[in-house]
Amino acid sequence: MSNDLKPHMAIVKDITIENSNTKTYVLEFADKQQHKNFTWDPGQFMMLSLFGVGEAALSISNIPEDGLISTTIRAVGNVTKKIKELKKGDTLGMRGPYGTGWPIKEAKGKNILLIAGGMGLAPLRGVINHIAIKRNNFGHLEIIYGARTPNDMIFTNQFRDWYQIEKSRLDLTVDGIPPGTPWEGKIGLVTSCFPAMKTRPQNSVALVCGPEVMMRFVAKCLETIGFKENQIFLSLERRMKCGIGKCGHCQLGPKYVCKDGPVFPYRDIKPYINPL
Amino acid sequence: MKKKPTIGIFKFTGCAGCQLELLHLEDVFINLLDIVDITYWVMVKRENTEGPWDISLVEGGISTPEEIEEIKEIRKKSKILVAFGDCAVNGCIPSIRNWIPQMEAEQCVYSDTSSIHSTKILGIGEYVKVDMVLKGCPPHRENIIEVIKSSLLNIRPRLRQHPVCMECKLKDNACLIISKNLPCMGPVTSAGCGAICPSLNRICEGCYGPMSNPNTSALADVFRKMGYSEEDIKRKFRKYAGMTPEFRKEAGD
Amino acid sequence: MGNEKAFTIEKNDFGRLLEHLLKKYRVFGPTQRGLDATFNEIKTNDQLFLDYVSTVLPPKKFFHPPRLELFSFDLHQKHVKIEEIKQDEKTLLLGIHPCDVHALLRLDDFFLGEFQDPYYQNRRKNTVLVALNCIEPSDYAFCNSMGTGPFLEEGYDLLLTDIGTKYLIEIGSDTGQNILKGIQLENATTADFTEKNHRFKLLEKRFKRFINTSWLSKIAQENIDHEVWERLGEQGGVSGSLPCLSCGQCSLVCPTCYCYDVYDTLDLSLKKGKRIRELDSCQLLEYGEVAQGGNFRPNRKDRIRHWMLCKLGVAAGGQQSSCVGCGRCIRTCPVGIDITEVAKVLRGE
Amino acid sequence: MTKKTLTVNYIARVEGRGALDVTISPSKEIEDLKLRIYEPPRFFEAFMIGRRCDEIMELASRICGICPVAHQITALRAIENALDVNPSDQTKDLRKLMAISAHIQSNVLSMYFLSLPDLMGYESSIAMTKNHSEIVKRGLRLKKLGNDITDLIGGRAVHPVTAVIGGFTAIPTKEKLSMIRERLVDAKKDAHETVDLFTKVEKPLFERKCEHIAISDSRHYAINEGRLRSTEGLNIHETEYRDYISEKQVPYSTALHSYVKTRDAFMVGPLPRLNLNIPQMSLDAKDAAKRSGIKIPNYNPFNSHLARAIELVHDIDESIEIIDRLPLKQEKREYQSKAGFGAAITEAPRGSLYHSYILDNNGIVKKADLVPPTSHNARNIEKDIYKLVEENSDLSVEELTLKCEMLIRAYDPCISCSTH
Ligand SMILES: Cc1cc2nc3c(=O)[nH]c(=O)nc-3n(C[C@H](O)[C@H](O)[C@H](O)COP(=O)(O)OP(=O)(O)OC[C@H]3O[C@@H](n4cnc5c(N)ncnc54)[C@H](O)[C@@H]3O)c2cc1C
Ligand code: SF4
Ligand code: SF4
Ligand code: SF4
């Protein structure tokens, strides 16, 4: 029988620097056939292994139409810091995809509100790219993205493309600006972008990803302006050891973040992220 | 050939047991020499360099003004400074004397105390920044290897912070507290030893120091229920790690 | 009962059955160690301690070992060579109690459901279960309340019941049937079954602990803000207990706690290593840590609550309580925390 | 000739921190000679006061990481003497086996890793691995054997845990001991080769007659119990120790200097043990001694290595003997606290080790008195160096320094012990 815990080898095909601590890696399974059969939904994640160091859960940050798998990784600990040292042509272990993606099917025909904080934009980029190529399937697209400083933002070189997506709006904000950093956008938490927000609750879904405190806050605000619990979707983070609902580390009340999530309707997890 | 990372091994106030534990790596000692270059180890070598070192393993606590200066020097010359064993971490057993007036301790041993200038004994972290902590009296060989390996790989070592009870149960031992009514320190002590003592029918004495976030007051209450006196409880916490903030409350002033 | 074939063997003749089993299997069973019992390999009849009450670690250690090597890897080449570490040995577990069999059935649901765990599955497939009905409930057990004991109805290959001078042997599977081929045994009589039923009735009255399971998980779920968690975690304790030590023992001895940690080890060449999984516990501070110093359960109160809720059926284990009432967690807790008492408090009893 | 000064600021390949200063006048007179032990003291004798007697073994162990076993057993015996506890023969045997294992470990460490590099012209055993890997591996193998035995009986090699008042918390299994027995049998070859190696290597010619002291027992080779005897006629019970032996403080050293009250400095260690107790050694060990040609009594401290090697042969023989007679019974341990005085002397690898304690009614320590082997030897080492320098004053500073260091290492001083 197949062993879900055993990684497969993958090759780093390309690397883009996002900011001082974050890079996007383009990956391909070493086994071409395996790669061919591989597909995913935006919002799903992979378990990446550096043997001898460990394994970490990382979202796929692009769409299957791109062919190769992209993942955008911030170096914070053992595995991610070591991944940062990888060069083109290096190999790592990979298994997945795991978890539920963003509710793209349900979102068809609706207005989409994306709210991302920091690294939270990584799993949402696939959604943006999907909407961009299937533009007519969706209503208005609004992206609100906040980071601690301009230097912490990711995908900045793609903002220009996103501005050009039809029927869309991109609003950027930062918590603060270190001296000498150019910045023309807003200053303030993501919720400070709410007054200017265009998306109304009717026929809309909100997809939210970022630090858990930020999501808690955002979800509450969205509720006050009329979004229903089942119109809000959050992508959660836990320190996963298996990715397949066995190791227990990502338990959230009766749910596993890895297999019942990481994307959850707010309704399902509301009592548990406060916090349990 | 690529230059091997250099290691320095230093001794301050302690018993050399940690260095011995390193020497006791007999099976892999020669393999270790394949990957590192030990350039300072007075207990084993006559020719020692003045550094710098990629990894410095420092054994022993700091108990004289001279030692304070020396540890600062070593810090300057070390990339990764490891507090090697309980003495270097928090003073270990010799720190019991910190509760005795220094003069009284000196007079107990020396008739002429004018040439003795010891201070309180403290871990090296009191004076310099420490990069890694190898708990234990002595640290288990596996942990020593783990620290050397992860220093070489530049990753955080996997050292246990959870209680000895975890390793004790992984070994299928019946708990000594409940089965024999013995005052085991396992529930507040950091694992890493492999639960040697409870596996051999001896209570954990706490030689790895506090675990992460121990509930010392509840354990002290367990001991009280067993009939141990306040003095006994103080002695138990004032042994290997009495100086740590975690044990300080139960160790008394 | 009585329609399948059943047998008996005199207790003082049990060695003959054991020898028969040892021909085909490595046998593991309860042995005495100090005041307690543990499951160990059995080579001779005198090592067996079938009159045991409960063991320190449950039989999950054979199926979901406390420390397990998953695979080895070799980094000499860029394309890392990964080799699974398999265990295909045929084994037989002798003398496993009803609650522990039920715990395995729960673990089956968990490990053999979505994303089958090949390590668990392999061990489960290769292990024969010879269960043993209890002769005396442990002071801590409440399997009766949980419907998991003291006698067993399902999940065994063979089932032994102590009926005085003999063991009644019932067959629960084809494997069980096959095992008994080639050994001469007495056929069981109606009187033997009557004796079994009689003993069951007597046993039921001897339990010291109870839990009222009706709506329990719902009640627990609605009480996540109950002050009992504060008492368990920080101050006061519950029904004579002290606050939790976060020692993790309860989850390691629980036959249905499965949480694990995964890590890699390298040998000194830094080129070869293994990926290991090891039992973990949600009672530990490290369990809830995430990147950048965050922790989802920083307080003891959060952790003991999580554990209790999981056992009471609120956590991810499922809506059904994952507790089988073996009593191990109560017996082993150094501060005397008792899940049945906590349940009472939650019910407002 | 000008004034010569020999300075070693941090003596290498010994345990702990000590220095050597020697000044020789142009007329070849020694103006100054100090074995300056500057290891900071830890004040065990102070902080042991107020501790429970059942903790003392654990605390005493931390005096020394090289010979924790010796400190544990000595402390336990002293406390047992105070409490009138008389452990079983099995306990005594297991303790002896454990003590011997520590001797094997420590003596091999001293011979192969601390001193052999001198005798073979290397700076360290690490440097020897290149050209003499077989020898280094043999040393590691023997050392591991010693460690593994300590580990098996005590739970770990450094600061073992199972020995307690009245016995052991757990005893090893037959299977494990018989595996060790096999290794011991195999190790005999290594031991004999060790004797031959240390017979062969050139040792400085030197002799200084002084009092040699060790514990001794007519029935067996004394390690854990015996009367304290010397080549000058000392023959006392351990409780009489303080009537005959005293200590002096010198301003330049944190280690006290011992001396026999009516006489002078003395030597303890493997050579005194050989001199006093060779009749009690195993036949094989006696043969090895004969083969090596060592003359007994022997007053060349550089022969300590050879004495260690001969002891190694005996240690292995006696270990096998003990294993063969161990009943491995589970035993009860019980004792009552009471007030009293207890003393004990054992042979640590480096020589005689003295502990005594006074306990109060509740078994709390009121006074502790500890004299480790290196305190016993400290003054004697200086006196040896004095003579060595006198006799070799023509040598260059470097050569003479090395010779002095070699002499110090022959004693294998354990400085942490001495400054406990
Ligand atoms: C579904 C999902 C999707 C994710 N997607 C992405 C993504 O797209 N991009 C991305 O960058 N991240 C993503 N993450 C987060 C990512 O998984 C973590 O950043 C990663 O697991 C960190 O692993 P690591 O080995 O690098 O860190 P580790 O070394 O494992 O560090 C993890 C934690 O260990 C503890 N720790 C750290 N330092 C110490 C110390 N000195 N002592 C003791 N403990 C310490 C801390 O809690 C630390 O934060 C995602 C997570 C999930 C669950
Ligand atoms: S014996 Fe000690 S270490 Fe083991 S479980 Fe009990 S309290 Fe913990
Ligand atoms: S929760 Fe306690 S009683 Fe229930 S199965 Fe687990 S260990 Fe047994
Ligand atoms: S066994 Fe008791 S003290 Fe230990 S973690 Fe469990 S509930 Fe807490």
Side-chain angles (χ1 to χ4, degrees), chain B residues 25 27-36 142 145-146 148-150 152-153 155 157-184 186-189 191 201 211-226, chain C residues 33-40 55-58 61 65-67 140 233-235 237 240-253 261 263-271 273 276 278-281 283-287 289 295 298-300 303 330-337:
Chain B
L25 287 171
D27 288 337
V28 293
F29 193 69
I30 301 210
N31 309 22
L32 182 67
L33 297 179
D34 285 342
I35 55 169
V36 297
E142 301 276 321
I145 297 184
E146 174 71 14
I148 294 177
K149 278 189 308 198
S150 35
L152 297 178
L153 292 171
I155 57 177
R158 182 189 150 83
L159 297 173
R160 294 169 187 273
Q161 314 292 335
H162 59 230
V164 176
C165 301
M166 287 293 286
E167 283 186 305
C168 186
K169 282 281 104 47
L170 294 175
K171 292 230 166 132
D172 212 347
N173 298 326
C175 176
L176 294 168
I177 293 186
I178 56 105
S179 68
K180 301 227 170 99
N181 204 33
L182 292 173
C184 186
V188 294
T189 303
N201 242 333
M211 66 185 266
S212 54
N213 190 17
N215 193 351
T216 54
S217 65
L219 188 64
D221 281 341
V222 171
F223 296 161
R224 278 182 199 107
K225 268 194 178 171
M226 288 177 177
Chain C
R33 207 169 80 184
L35 304 171
D36 295 79
T38 54
F39 280 104
N40 279 313
T55 54
V56 179
L57 283 189
K61 73 176 183 184
R67 186 175 183 280
Y140 307 93
E234 311 300 336
Q235 280 285 316
S241 88
L242 291 163
C244 172
L245 297 162
S246 301
C247 74
Q249 284 198 67
C250 48
S251 59
L252 290 190
V253 301
D261 189 12
Y263 59 92
D264 288 4
T265 60
L266 282 172
D267 69 12
L268 268 178
S269 69
L270 304 180
K271 288 287 181 198
I276 313 284
E278 195 176 284
L279 283 185
D280 203 345
S281 167
Q283 301 276 25
L284 307 179
L285 182 69
E286 294 74 21
Y287 184 91
E289 265 173 3
N295 193 322
N299 302 314
R300 216 167 351 256
R303 302 198 288 272
I330 308 173
R331 152 96 168 125
T332 206
C333 180
V335 293
I337 290 175

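Quick caveat, the model's predicted, so the values are computed rather than measured. Within every chain, numbering begins at 1; the chains are lettered A, B, ... in the order of the sequence lines, protein sequences first and strands thereafter.
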Taking side chain as C-beta onward, heavy atoms only, is [X] less than 4.5 Å from [Y]?
{"X": "C:L285", "Y": "B:Q161", "result": "no"}
{"X": "B:K169", "Y": "C:V253", "result": "yes"}
{"X": "C:Q249", "Y": "B:I178", "result": "no"}
{"X": "B:N215", "Y": "C:L242", "result": "no"}
{"X": "B:S179", "Y": "C:R331", "result": "yes"}

Under a 4.5 Å heavy-atom cut-off, does chain B meet the side chain of [X], its backbone, both or neither?
{"X": "C:E278", "answer": "side chain"}
{"X": "C:D264", "answer": "neither"}
{"X": "C:P298", "answer": "backbone"}

Got a second to check how far [X]'s [atom1] is from [Y]'s [atom2], nearest 0.5 Å?
{"X": "C:E289", "Y": "B:S212", "atom1": "CD", "atom2": "OG", "value": "7.5 Å"}
{"X": "B:S217", "Y": "C:E234", "atom1": "OG", "atom2": "CD", "value": "9.0 Å"}
{"X": "B:R160", "Y": "C:E286", "atom1": "CZ", "atom2": "CD", "value": "10.5 Å"}

### Query
Going through the distances and angles, do C:V56 and B:N173 end up as a side chain to side chain contact (heavy atoms under 4.5 Å, CB included)?
CA-CA 7 Å; C:V56 179; B:N173 298 326; 5.8 Å; no
Between chain B and each of [options], count heavy-atom pairs under 4.5 Å; write down the option with the most.
{"options": "C:D280, C:L270, C:V335", "result": "C:L270"}
{"options": "C:D36, C:T332, C:L252", "result": "C:L252"}
{"options": "C:P66, C:S246, C:G237, C:C247", "result": "C:C247"}

### Message
So does C:S269 get a backbone contact from the side chain of B:N31, meaning a donor-acceptor N/O pair under 3.5 Å?
### Response
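Here the side-chain-to-backbone pair does not exist.
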Taking every non-hydrogen pair under 4.5 Å, which of [options] racks up the most with chain C?
{"options": "B:V188, B:V222, B:V164", "value": "B:V222"}
{"options": "B:P163, B:S150, B:P214", "value": "B:P163"}
{"options": "B:E146, B:K171, B:K180, B:K149", "value": "B:K149"}
{"options": "B:V28, B:L170, B:N201, B:I177", "value": "B:L170"}

By a 4.5 Å heavy-atom criterion (distance strictly below it), what part of [X] contacts chain C: side chain, backbone, both, or neither?
{"X": "B:D34", "value": "neither"}
{"X": "B:I145", "value": "side chain"}
{"X": "B:K225", "value": "side chain"}
{"X": "B:L152", "value": "side chain"}

[X] to [Y] - nearest heavy-atom pair and separation:
{"X": "C:L268", "Y": "B:I35", "answer": "O-CD1, 3.3 Å"}
{"X": "C:L279", "Y": "B:M166", "answer": "O-CE, 4.0 Å"}
{"X": "B:M211", "Y": "C:L245", "answer": "CE-O, 4.3 Å"}

#### Entry: Presence of salt bridge, C:D261 and B:R158, under 4.0 angstrom
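Salt bridge between B:R158 and C:D261, a charged N being under 4.0 Å from a carboxylate O: yes.
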